Amino acid sequence: MTETDLQSSVARNLEAVRARMARAADASGRDPASVRLVAVSKTFGIDAVEAALAAGQRDFGENRVQEALPKIEALGSADIIWHLIGHLQSNKVRRASRPFDCIHSIDSVDLLLKVDAAAAETHRRPELLVQVDLAGEATKHGLGHDEVRQVFEASPRLKAGRLVGLMLIPPYLDDPEAVRPYFRRLRELRDTLAAEGVSQDCLRELSMGMSHDFHVAIAEGATMIRVGTAIFGRRTPPA
Ligand SMILES: *Cc1c(COP(=O)(O)O)cnc(C)c1O
């Protein structure tokens, strides 16, 4: 693809995604401005991020620290909010703490405190989301209800990071309607945690919904959707 082809296809795709977001929000009586679009640029180059930037996109998501760092550095002066949406290993916490504004993948109290300590050292105040596992899939990252509550109970110990909500990667199902029960259960877990005394400030974000199912996620209360394919095209090889 030439640079102008890339520019116009990313711009066109972004417009279509925004229109779909607005329709989904309208249909469920929500303000479209209450849903943030995170453009997932993993496996795509700096040119793709620049194309989306030119089309007005500001939030970008990456799932691997080592892949993201060179991109973030190359785009250094651009006005971008970087989201880490993939698993964060303890040994990469220090490297991830400076460039990422929002980390969606907190999956233990230990990781929470490590990320917080690194953020305090680098004078950053990242937003942090707790990754939830509703399917009970032992191979996936993410926490069950009791463990999630324990992470929120550690919130008063934070010096720099701010817990702001929950994140979900549901099992992949072709039919977006089949994913709806997972989205609903994340919203219900949010409501349960609030009833159990977790502060509303810590529960304002629900990060859920990807290219093929984000309209359903918005109907179920998503405040952040993470969209790659529908903006940048198919990934080769898939990641
Ligand atoms: C890759 C990825 C996405 C984006 O998926 P698409 O289907 O390409 O929109 C969303 N969330 C996470 C955690 C991802 O790794």
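In each ligand, atom 1 is the first atom listed, and ligand 1 is the first ligand listed. On a predicted model such as this, the values are computed, not experimentally measured, just so you know.
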- [ ] Check whether the side chains of R204 and T223 place a donor and an acceptor atom closer than 3.5 Å, and report yes or no.
- [x] no
Task: E177/R180 salt bridge by N-O under 4.0 Å criterion - done: yes
Open item on the list: Pairs of nitrogen or oxygen atoms closer than 3.5 Å, one from M210 and one from ligand 1: do any exist?
Closed with: no
Task: Option with minimal heavy-atom separation from atom 12 (C) of ligand 1, where the choices are I85, V17, V227 - done: I85
TODO: Go through the steps for E127 and R36 under the test salt bridge (Lys or Arg N to Asp or Glu O under 4.0 Å), then give the verdict.
DONE: CA-CA 14 Å; E127 295 191 320; R36 216 186 325 172; 3.3 Å; yes
TODO: List for me each residue that meets side-chain contact (heavy atoms from CB on, under 4.5 Å) alongside R12, sequence neighbours excluded, and say none if there are none.
DONE: S8, S9
Task: Proximal atoms of ligand 1 relative to R226 (non-hydrogen, under 4.0 Å) - done: 4 (C), 9 (O), 10 (C), 11 (N), 12 (C), 13 (C)
TODO: Identify the two heavy atoms, one from L128 and one from G161, that lie closest to each other, and give their separation to 0.1 Å.
DONE: CD1-CA, 3.9 Å
TODO: Go through ligand 1 atom by atom and flag the ones less than 4.0 Å from a non-hydrogen atom of T229.
DONE: 6 (P), 7 (O), 8 (O), 9 (O)
Open item on the list: With heavy-atom distances below 4.0 Å as the criterion, list the atoms of ligand 1 near G228.
Closed with: 4 (C), 6 (P), 8 (O), 9 (O)
- [ ] Could you list the atoms of ligand 1 found under 4.0 angstrom from a heavy atom of K42?
- [x] 1 (C), 2 (C), 3 (C), 14 (C), 15 (O)
Task: E220 to F183 - nearest heavy-atom pair and separation - done: CB-CB, 3.7 Å
Open item on the list: With the threshold set at under 4.0 angstrom, would you say R235 reaches ligand 1 through any of its heavy atoms?
Closed with: yes
